[in-house]
Protein chains: 2
Amino acid sequence: MTNQPETLNWLDRGTSEIFPNQPQSKNPEENLTQLLAKSDRPLRIKLGIDPTGSEIHLGHSIPFRKLRAFQDAGHTAVVIIGDFTAQIGDPTGKSEVRKQLTPQQVKSNAEDYLNQLRPILDFDTPGRLEIRYNSEWLSQLNLSDILQLLGTMTVGQMLAKEGFAQRYEQENPIYLHEFLYPLMQGYDSVAIDADVELGGTDQKFNIAVGRDLQRFFGKKPQFGLLLPLLLGTDGVQKMSKSLNNYVGLREDALSMYSKLEKTPDAVIKDYFELLTNLPLDQIPSNPRDAQKLLALEVVSQFHGVEAAKSAQKAAQDLVQGGSTASADAVPEFSLSEIEFPAKLFYILNASGLCSSSGEGRRQIQGGAVRLDGDRITEVDLTFESPEDLKDKVLQVGKKKFVRLVL
Amino acid sequence: MTNQPETLNWLDRGTSEIFPNQPQSKNPEENLTQLLAKSDRPLRIKLGIDPTGSEIHLGHSIPFRKLRAFQDAGHTAVVIIGDFTAQIGDPTGKSEVRKQLTPQQVKSNAEDYLNQLRPILDFDTPGRLEIRYNSEWLSQLNLSDILQLLGTMTVGQMLAKEGFAQRYEQENPIYLHEFLYPLMQGYDSVAIDADVELGGTDQKFNIAVGRDLQRFFGKKPQFGLLLPLLLGTDGVQKMSKSLNNYVGLREDALSMYSKLEKTPDAVIKDYFELLTNLPLDQIPSNPRDAQKLLALEVVSQFHGVEAAKSAQKAAQDLVQGGSTASADAVPEFSLSEIEFPAKLFYILNASGLCSSSGEGRRQIQGGAVRLDGDRITEVDLTFESPEDLKDKVLQVGKKKFVRLVL
């Protein structure tokens, strides 16, 4: 990738690994740069998603941003909805993640997932996006096909896979059907003729299985392009909803902005590289300026430049109107003053966010009330215990916040 | 099985193991004797065969003799032809045994196999025999069914299976599809509602998988009835064609008789127990008498009492006409006297079995010539080298033999 640094910058930006990768080779089968330069047709870039219905966050957006870069270079994004496994769930019933979904649930989850990606992917340019449900081909496989798929790998190879190796050593049960999942994901690549598959660094094994299966079926093996897992806003752990260190793609501009303008030093360079297209040498040297630029850039992608600027201004107002000069100063309200169970509209009044319970009800009805960024619409929402609200930010409109504490 | 020893003698005779087995239990789910006594319908007794087209021998006949005992007690033998795997072969192409067969080959092999069993099984009494091809249900399975099957077992359980454990330890590749074979055999039990499955002692794992799958599908789990592997006529190794220590079910009466009347002391009691229905306390104490009785009994099963007696007489004549008094004295003819390649009719003349090459041709045409028990019908059969004939018995009619030596 040394021969065309300007045009191919987008390929390497934020990329952990491309495989195979023989940078000196002119062979488009072992050098993706060569393939991109020489291909006389749009390449087919695969990315799979699990339609299990979770809200997605900036961490999920990373491979989709790379997918968009391929789209912008004229290639076809092929998004695979993993509806097949979602519809059968986990045969052992042991996995929460693999609980069985109806085709309707899968479809609505998939649509919801894709809608959250509208600001990132190019949905409109003809030929740039293909959305495929893998039940299309997986449900057609019979026992003889599956024996063939299984016959391409040995137990030793499968147990060498990270995760399996560990579980086997620790004598945690690995159910046999789990061995089929990498093969099914790999077969998706056969079915859609993938030229490149994108995934997190934890996907290397599965993407390599796809290469093997493509070869087995007489097709050209895909490249793997691996992307790092994004650290959360705590700068320490992987971004995840359960750790509450995430920025959801659905959050409003102010909520996004407020989180991102506190991005820790440790990860700010990664965030610029992975979440924006800004040249990295343009990152301001003043940390506070860098945080604000990052927040403005990312919020602009999802809400537009105007809304991003308003969010920036609102956040500044909030700081100036607050009791301290710190950027993360959100006034606190102690739940110990309230008797539980308690209605939300009562808490709105008690905390001073609304002037009465009646105004609290009206604000909920009007859609102005959010709890940790999630819009609340149930007027009579009741909480059983202060624990349910601990450390959450309750918000009315764009400017009024309190952090609920015990 | 202590409460009805007379009637159930047939069940225990020659049986290595029945599982589950709680002899004191009155519960027909854990005591097969109870199930046999209490069932108000014929039980379904499963035995699977591999239609790979091999000639079968007395070793193969053991589970079929037990199957016949169940038939005689009023139960239904369900013979499963494993046509599904025979038709797909081994996806890795690594196994000779699992080479791919056409449906025609499978059908003809299966018919040939069953024909060899006509003297043993009851083919005629209505309701006593069901012949099923497992492609009937296995070809209907889709990926979702198979994930379910695989989800019933863990990698650890599968690797604990004899054979797999060893191969895994020695780092010999185990292909993933091999894990499906026990599950497929087990699913056969689900499909045909087996009450009992018969098999060699090496089948315990697979039969137990069948129990698990029946439970998984909400059915009553089968019993396993395991039978020993028969030692060969050398009294040392497992009977097998490749070790040439076997008695084929297709051999003529004299050939069978001659082999069996030399049964070594070490195995004669097992042979009586496994290959005849004679009360074991009636085995003659004189070893020579025991050998003759065994030979007569077994030959009678396949060729009738008359033919068995004739074979006994012919064998005696052979001994008396020979140069020594030993029972295994077959005259020898040295192939060193012949120039190779050589026509068989020429060898018939040279060895003195026929008075001329012309008579040799006529005897071949008439079907009277056998080589190691196999009838020869090709008049111009030519042998390239004396090695091809070394230590084989060449025979014309029932009385004329020579052993060909180098």
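All values derive from a computational prediction rather than experimental measurement. Lettering of chains follows the sequences in order, A, B, ..., and the numbering in each one begins at 1.
- Rounding to the nearest 0.5 Å places OH of Y175(B) at 13.5 Å from CE of M158(A).
- Taking both residues in full, the closest heavy atoms of L147(A) and H177(B) are given as O-CB, 3.4 Å, listed atom of the first, atom of the second, then distance.
- Only the side chain of L159(B) has a heavy atom closer than 4.5 Å to any heavy atom of chain A.
- More than 12 heavy-atom neighbours from other residues, nucleotides or ligands sit within 6.0 angstrom of CD on Q170(A).
- Each of L176(A), T154(A), L183(A), L149(A) was evaluated against L176(B); a single residue qualifies, L183(A), per the side-chain contact (heavy atoms from CB on, under 4.5 Å) test.
- Of the atoms belonging to M153(B), heavy atoms from both backbone and side chain fall under 4.5 Å from chain A.
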Are F179(A) and V155(B) close enough, and set up right, to give a side chain to side chain contact (heavy atoms under 4.5 Å, CB included), and what steps lead you there?
CA-CA 9 Å; F179(A) 281 0; V155(B) 177; 3.4 Å; yes
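- If you measure heavy-atom distances from L180(B) to chain A, the contacts under 4.5 Å come from the side chain alone.
- In this structure, K238(A) places its NZ atom where only 12 or fewer heavy-atom neighbours from other residues, nucleotides or ligands lie under 6.0 Å away.
- Summarising the geometry, atom CG belonging to N142(A) is positioned 11.0 Å from atom CG belonging to D145(B); distances are rounded to the nearest 0.5 Å.
- Neither the backbone nor the side chain of F164(B) has a heavy atom closer than 4.5 Å to any heavy atom of chain A.
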Could you walk me through whether L141(B) and I146(A) pass the side chain to side chain contact (heavy atoms under 4.5 Å, CB included) test, one step at a time?
CA-CA 10 Å; L141(B) 295 179; I146(A) 291 154; over 6 Å; no
